[in-house]
Chemist: 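The structure follows.
Residue numbers start from 1 in every chain, and the chains themselves are labelled A, B, ... in the order their sequence lines are given, proteins ahead of strands. Since this is a predicted model, take the numbers as computed values, not measurements.
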Protein chains: 2
Amino acid sequence: MTPIAPPDDEQGHPGQTAEQTAGQPLLPLAGQTPPIRADAARNRTRLLEAAARLVAERGPEQLTMEAVAAAASVGKGTVFRRFGDRGGLLMALLDHSERLYQESFLTGPPPLGPGAPPVRRLEEFGIATLRHLAAHRALLLAAEPEACRRFEPPPRRLALTHLTALLREAGTGGDAELLAHTLAGHLDVALLHHLTERRGMPLERLEAGWLDLVARITRT
Amino acid sequence: MTPIAPPDDEQGHPGQTAEQTAGQPLLPLAGQTPPIRADAARNRTRLLEAAARLVAERGPEQLTMEAVAAAASVGKGTVFRRFGDRGGLLMALLDHSERLYQESFLTGPPPLGPGAPPVRRLEEFGIATLRHLAAHRALLLAAEPEACRRFEPPPRRLALTHLTALLREAGTGGDAELLAHTLAGHLDVALLHHLTERRGMPLERLEAGWLDLVARITRT
DNA sequence: ACGCCAACCGGACCGTGGTCCATTTTCTTC
DNA sequence: GAAGAAAATGGACCACGGTCCGGTTGGCGT
């Protein structure tokens, strides 16, 4: 299991209220951070230590906010004030690894970092990301507990098998099952909602994107 | 807004316990269905009617299990026994549309149904699915409330912009932002977990799949 | 050294999803 | 139509995430 992050209370840190509200906590974020008060900082590290201990003992999915608060001898409200929500706390736990990972492809040496040809960097980025995810899978999954269920509902499974069958029938090479997942990823309510509402894309653009994607993927 | 499904209590229906446990409720499922008891069937339709009314009045995301139970003059336990969980209830609400949608590509006329060349069917399937999703977005999203947050966390956003930038730099044509989402979909913890644990794929296969995907997508 | 005020604290409180089990209702068989 | 077994019921119960607010405390200006 991953040794979690050292509670490296890298001093200042975000602060203000929830650790990831509006400002990006895990991004380089050069922006000035309203300094945190001394007692708050102390509680923050106590909370992170307690959380890390509990995660190590009982696994991330068993972690409850109340338990963390209790283990750190701190009020529940404090936990929420500091980390916003359960996900925020879990993420804070792997803040350290996350930074390393981000630096590796933002400013690290090629071929992952700048300097290599873009396609090469794409390849490396995927590999690095997959390994990063695998390494912290437990924590990351615990941060969005519903995530696993996304593939269970029968409609999704049906779409998947349908896509797989069509891909096979089309005689496209490659890993049909994997490619089916890729295609299915494009046909996801959450994605649709995000792109149309948050990003303002019209449905037509998604449809055009789908046709293009099918073309690229089935191209022998 | 979608008129929901008529509470077409198509008699028998699943039954047993939770409506979607193990057996696929929305799939053709020719399997024999242990017949439901009369009182259970009556309560089922009352619950669906109540739920549909509440959804129409206050929107799907406001729907609480207790409210449905109360509105149907039924115990809360009954709701859960029948529909398993919140998601099950929401899904049952669009069971009707779901069936139509499924039939359209499983046994309907070409080019969506069997008979057309596979690539053509792929194209049509995507379009049909996107429209199906758009039509029932509210209900589908309400069924997995965390879904929207999947794109908010800064790490995800960073990965997305990074992918977009690399794609643009690579001079690949097409909709870079959309293609970036496709690529990002392949680098998802939940997917990784599903494929490695549930489907037994080794990490190497995912890595190979990534390289293949990048190749297909950046292929001019 | 002092006092002000914003930031912080704690834990009572709430809403909701989900479970449990003693009791009631339906179906079947004779 | 009676009786026994299986299925269904309902609402008290629990756990957990998240909010709220009266009281406290640390940082800063004077």
Side-chain angles (χ1 to χ4, degrees), chain A residues 11-21 33-47 50-51 54 58-92 142-146 149, chain B residues 9 11-21 33-47 50-51 54 58-91 142-146 149:
Chain A
Q11 49 128 337
H13 218 47
Q16 69 165 298
T17 322
E19 191 142 293
Q20 27 65 296
T21 312
T33 291
I36 205 176
R37 241 171 61 173
D39 52 350
R42 191 198 37 159
N43 280 342
R44 190 186 126 85
T45 68
R46 279 169 61 174
L47 283 169
L54 289 179
R58 302 213 262 272
E61 62 286 336
Q62 297 290 338
L63 196 72
T64 83
M65 298 302 263
E66 244 173 312
V68 175
S73 309
V74 142
K76 209 215 276 202
T78 303
V79 191
F80 284 94
R81 153 172 296 267
R82 191 76 354 198
F83 299 103
D85 60 7
R86 209 185 108 100
L89 174 56
L90 267 328
M91 285 331 220
E144 40 173 349
E146 307 281 300
R149 302 194 55 211
Chain B
D9 79 87
Q11 47 126 337
H13 217 48
Q16 191 193 129
T17 321
E19 193 143 290
Q20 29 63 297
T21 312
T33 290
I36 206 177
R37 244 172 56 174
D39 53 348
R42 192 196 35 155
N43 280 342
R44 180 181 194 283
T45 69
R46 281 169 61 173
L47 283 170
L54 290 179
R58 302 213 262 271
E61 62 286 337
Q62 297 289 339
L63 195 73
T64 83
M65 297 302 261
E66 235 167 324
V68 175
S73 308
V74 141
K76 208 214 276 200
T78 304
V79 191
F80 283 94
R81 154 172 294 266
R82 190 76 356 199
F83 299 102
D85 60 8
R86 208 185 110 101
L89 175 55
L90 268 327
M91 284 331 217
E144 40 172 349
E146 307 282 299
R149 303 194 53 211

Chemist: Check the phosphate of dG10(D) against Thr78(B), side-chain N and O only, distance under 4.0 Å to OP1 or OP2. Yes or no?
Modeler: yes

Chemist: For Arg58(B), give me all partners under salt bridge (charged side-chain N to carboxylate O under 4.0 Å, His left out), at least two apart in sequence or on another chain.
Modeler: none

Chemist: Residues two or more places apart in sequence or in another chain: which of them pass side-chain contact (heavy atoms from CB on, under 4.5 Å) with Ala70(B)?
Modeler: none

Chemist: Would you mind reporting whether Arg44(B) and Phe83(B) have side-chain heavy atoms less than 4.5 Å apart?
Modeler: yes

Chemist: Would you kindly give the CZ-to-P distance between Arg86(B) and dT19(C), to the nearest whole Å?
Modeler: 15 Å

Chemist: Return the minimal non-hydrogen interatomic distance between Ala69(B) and Val79(B), and the atom names on each side.
Modeler: CB-CG2, 3.6 Å

Chemist: Please check if the side chain of Arg82(A) supplies one atom and the backbone of Leu89(A) the other of a donor-acceptor pair under 3.5 Å.
Modeler: no

Chemist: Given dT9(D), is OP1 or OP2 found less than 4.0 Å from the side-chain N or O atoms of Asn43(B)?
Modeler: yes

Chemist: Categorize Leu89(B) for me: base, sugar-phosphate, or nothing, with a 4.0 angstrom heavy-atom threshold over every strand shown.
Modeler: nothing

Chemist: Reading nucleotides 20-26 of chain D from the 5' end, what letters show protein touch, with B for base, S for backbone sugar-phosphate only, - for no heavy atom under 4.0 Å?
Modeler: -----BS

Chemist: With Thr78(A) as reference, evaluate Asp39(A), Asn43(A), Val68(A) under the side chain to side chain contact (heavy atoms under 4.5 Å, CB included) test and give the passing residue.
Modeler: Asn43(A)

Chemist: Which residues pass the salt bridge (charged side-chain N to carboxylate O under 4.0 Å, His left out) test with Arg42(A), not counting sequence neighbours?
Modeler: none

Chemist: Whole-Å distance between dG17(C) P and Gln62(B) CD?
Modeler: 11 Å

Chemist: Can you tell me the distance, in whole Å, between the CD1 atom of Ile36(A) and the C1' atom of dC9(C)?
Modeler: 13 Å

Chemist: Round to a whole Å and report the spacing from CG of Leu90(A) to C1' of dG17(D).
Modeler: 13 Å

Chemist: To the nearest Å, give me how far apart CZ (Arg149(B)) and P (dG17(D)) are.
Modeler: 13 Å

Chemist: dC9(C), dT16(C), dG18(D): which one has an atom nearest the side-chain heavy atoms of Lys76(A)?
Modeler: dG18(D)

Chemist: Listed in order of residue number, which residues of residues 65-75 of chain B have a non-hydrogen atom at under 4.0 Å from DNA chain D?
Modeler: Val74(B), Gly75(B)

Chemist: Return yes if some donor-acceptor pair links the side-chain N/O of Arg149(A) with the main-chain N/O of Glu144(B) below 3.5 Å, else return no.
Modeler: no

Chemist: Please list all pairs passing the salt bridge (charged side-chain N to carboxylate O under 4.0 Å, His left out) test where one or both residues lie in residues 65-74 of chain A, with sequence neighbours left out.
Modeler: Glu66(A)-Lys76(A)

